[in-house]
K.L.:
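Please find one structure pasted underneath; my questions will follow.
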Amino acid sequence: MTELTLYNSLKREKEVFKPMDPKRVTMYNCGPTVYSYAHIGNARAAVVADVLFRVLRHIYGKDCVKYARNLTDVDDKIIAAAKETGFPMYEITEKFAKIYQDDLAALNCLPPTSEPKATEHIGGMIALIETLLADGYAYESDGHVFFDVSKYDEYGQLSGNTLDALKKGDRVGEGEVARKKQSADFVLWKPERDGVGWNAPFGRGRPGWHIECSAMAKSELGETIDIHCGGVDLKFPHHENEIAQSNCAHGKPMANYWVHNEFLNMGKDKMSKSLGNVVLIRDLLKDWDGEVIRLALLKAHYRSELIWSENLLKESKKNLDDWYRVKNDCMRFAPNVKSKGNAETIDFFDDLDTPNLIKFLSDTGALQSLRNRLVHEGMTMQVQLEMQDALVIGYGIWLRTANLLGLLQKDPEDWLRGKGKEGGLSDDAIDNLIKERAEVRAAKNWSRADEIRGIFAAENIILEDGKDGTTWRRG
RNA sequence: GGCACCAUGGCGGAGUGGCUACGCAGCGGAUUGCAAAUCCGUGUACCCGAGUUCGAAUCUCGGUGGUGCCUCCA
């Protein structure tokens, strides 16, 4: 069986991945708080998790991987948004959950096997908090319930923080400190706000940020899961606190492997709302196909910073155009090749090395030359059949590799022709112009032929005169 | 202040001791009525300094520069 290694943030080293049960591999990914549009950084985290999901499915079998990604639908920001807009909370969260799912679908992200909502797991959270209170890991104070970090010796193991160090860098407000035994304690339950609250033995209120993931991971996947993933920024405090809660409540590790993806930035500046340089998935999708965005996100290794730029998108588009051209030609000679099956891409299973896999897709050497010779050269039937056999093998590996990355999922002709802009030439108009151009070319009326080419150029349509006539595509 | 990460050609990005990937862009040529596609050829790099070694982009130490986390954050 293919061996997958993963860099485990908890141990700070690469390890061979071994699931507790190969028939039921579990992964949990911290999903969004649904109160606004998702940005490209959210997309990176989701795409990385999706690639991991695809790889696990490839290795262990489609039905053997359980992937939960939560939707946080109760939170101060949502309450504030509800107050501001006058819409009820659930309308806001449902709207943006749908948008999130649609955006990710456009990036070829497979739906997770479950998408639990925080509000549907309040009971589980309350049960966890009760356990923590009963066992002395948590305490009540001024309508709140806090986790007492001094009761958990391992606290800080994920982020490398020590309680002493945390005290020095402490930026917690005075009000909070007054309620807590120590500033590093974090809130499990807080009082009702603006009518948002649930009844609990320790008082009516709403959950703190971290407890929801512990409750949902337990409910959807179990007390110990195989892989927990998310962005590096979640390492502390979010994941650190999840570990503390879950480990103390269950007496066993929350997750065996912690996988964190690095940040995406905008070159000089961090992407932030105050700088006004937040790039929304929704906006990018207006100008770029989702696969272009996906490829751009996968060009850097997930543990490296990714600098987002227009050039990165352009290059990704160019790569995909080339690959789709290869796919288009190969489909003519190897129509029965399936996208599912073995992919001989061993390197890829070394900590999800997407850049190396992209290299493999680009560096198609033998495949390209087979395809080019079949497309462009005349040859005897005997030679052609031999070459077709070789192409079926090479193309199969290539296509399945692309599939592992979630790329080349579309019909190549549709891809190459692209979507026309509103008010642009219709496909029929294009065909008619091509017909006219063929006629004037036959009459060697080059000025009219060039004029027609000019019309196409203005529409960003590229003509290709081949031996079987003229084809076109959008640039 | 504490913790962690990173530094390769115009751009992206492999490469953990020797043979200097790969892609994009560029340049020259073939082909084309002109193009596109395709093919052939081609330049450019390893942040700085010291050390280890026969030999370092790759190991060690020291700089410099950059980034993230320590507050909501993918």
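Side-chain atoms are counted along with the backbone in the values below, which use heavy atoms only and exclude waters and symmetry mates. Letters A, B, ... are given to chains in the order of the sequence lines, protein chains preceding strands, and every chain is numbered from 1. Because the structure is predicted, anything quoted here is derived from the model rather than measured.
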K.L.:
At less than 3.5 Å, do the side-chain atoms of A:D450 and the base atoms of B:rG33 form a donor-acceptor pair?
P.N.:
yes

K.L.:
Checking all strands, does A:S159 fall into the base, sugar-phosphate, or nothing category for heavy-atom contacts under 4.0 angstrom?
P.N.:
sugar-phosphate

K.L.:
Looking at B:rC70, does its base get a donor-acceptor pair with the side chain of A:D233 below 3.5 Å?
P.N.:
no

K.L.:
Could you tell me which residues satisfy salt bridge (charged side-chain N to carboxylate O under 4.0 Å, His left out) with A:E15, sequence neighbours excluded, listed by chain and number?
P.N.:
A:K11

K.L.:
Between A:R54 and A:D50, is there a side-chain N and carboxylate O pair less than 4.0 Å apart?
P.N.:
yes

K.L.:
Assess the pair A:W258 and A:H239: is the distance between their ring centroids shorter than 6.0 Å?
P.N.:
yes

K.L.:
Look at the side chain of A:R453 against the base of B:rA35 and say whether a donor-acceptor pair falls under 3.5 Å; ignore hydrogens and angles.
P.N.:
yes

K.L.:
Are OP1 or OP2 of B:rC34 and a side-chain N or O of A:R441 less than 4.0 angstrom apart?
P.N.:
no

K.L.:
Taking the side chain of A:N261 as its heavy atoms from C-beta onward, which of B:rA74, B:rC24, B:rA36 lies nearest to it?
P.N.:
B:rA74

K.L.:
Show me the dot-bracket string of RNA chain B, counting Watson-Crick or G-U pairs under 3.5 Å, with | for pairs to another strand and [ ] for crossing ones.
P.N.:
(((((((..(((.....[...))).(((((.......)))))....(((((..]....))))))))))))....

K.L.:
Taking B:rC40 as the reference, what is the distance to B:rU31 when you measure between their C1' atoms (whole Å, please)?
P.N.:
11 Å

K.L.:
Let me know, please, whether A:F236 or A:G230 comes out on the 5' side of the other along RNA chain B by nearest nucleotide.
P.N.:
A:F236

K.L.:
Would you indicate whether A:E413, at its atom CD, is surrounded by more than 12 heavy atoms from other residues, nucleotides or ligands within a distance under 6.0 Å?
P.N.:
no

K.L.:
Under 4.0 Å, counting only non-hydrogen atoms across every strand here, what does A:L463 touch: a base, just sugar-phosphate, or nothing?
P.N.:
base

K.L.:
Ring centres of A:H210 and A:F186 under 6.0 Å apart?
P.N.:
yes

K.L.:
Please indicate whether A:E84 has more than 12 foreign heavy atoms, meaning atoms of other residues, nucleotides or ligands, lying under 6.0 Å from its CD.
P.N.:
no

K.L.:
With a non-hydrogen cut-off below 4.0 angstrom, is A:D465 in contact with a base, only sugar-phosphate, or nothing?
P.N.:
base

K.L.:
Strictly under 6.0 Å, is that where the ring centroids of A:Y37 and A:H39 end up?
P.N.:
no

K.L.:
How are the rings of A:Y155 and A:F236 set relative to one another: parallel (under 30°), tilted (30 to 60°) or perpendicular (over 60°)?
P.N.:
perpendicular

K.L.:
Taking only the P atom of each, what is the distance from B:rA45 to B:rU8 in whole angstrom?
P.N.:
14 Å

K.L.:
Just to be sure I understand the geometry, which residues of residues 293-305 of chain A put a non-hydrogen atom under 4.0 Å away from RNA chain B?
P.N.:
A:K299, A:A300, A:H301, A:E305

K.L.:
Taking atom C1' in both B:rG23 and B:rG15, what distance in whole Å separates the two?
P.N.:
15 Å

K.L.:
How many whole angstroms separate atom CG of A:D322 from atom P of B:rC39?
P.N.:
10 Å

K.L.:
For the base of B:rA74 and the side-chain ring of A:F263, does the geometry meet a stacking cutoff of under 5.5 Å between centres and under 30° between planes?
P.N.:
yes

K.L.:
Let me know the distance between NZ of A:K77 and C1' of B:rU71, rounded to the nearest Å.
P.N.:
11 Å

K.L.:
Using the six-membered ring of A:Y302, assess whether NZ or CZ of A:R44 lies under 6.0 Å from its centre and within 45 degrees of the ring axis.
P.N.:
no

K.L.:
Taking the nucleotide of RNA chain B with the nearest heavy atom to each, does A:R437 or A:H210 sit closer to the 5' end?
P.N.:
A:R437

K.L.:
Verify the distance criterion only: is there a donor paired with an acceptor across the side chains of A:E242 and A:S214 at less than 3.5 Å?
P.N.:
no

K.L.:
Taking atom P in both B:rG17 and B:rU58, what distance in whole Å separates the two?
P.N.:
12 Å

K.L.:
State, to 0.1 Å, how close A:T354 and A:A300 come at their nearest heavy-atom pair, and which atoms those are.
P.N.:
OG1-O, 3.5 Å

K.L.:
When the C1' atoms of B:rC47 and B:rA57 are considered, how many whole Å apart are they?
P.N.:
12 Å

K.L.:
What's the gap between B:rU16 and B:rC24 when it is taken at their C1' atoms, as a whole Å value?
P.N.:
27 Å

K.L.:
Can you find a donor-acceptor pair, distance only, under 3.5 Å between A:E315 side chain and B:rG23 base?
P.N.:
yes

K.L.:
Within the 4.0 Å heavy-atom criterion, would you say A:K444 contacts the bases, only the backbone, or no part of the nucleic acid?
P.N.:
nothing

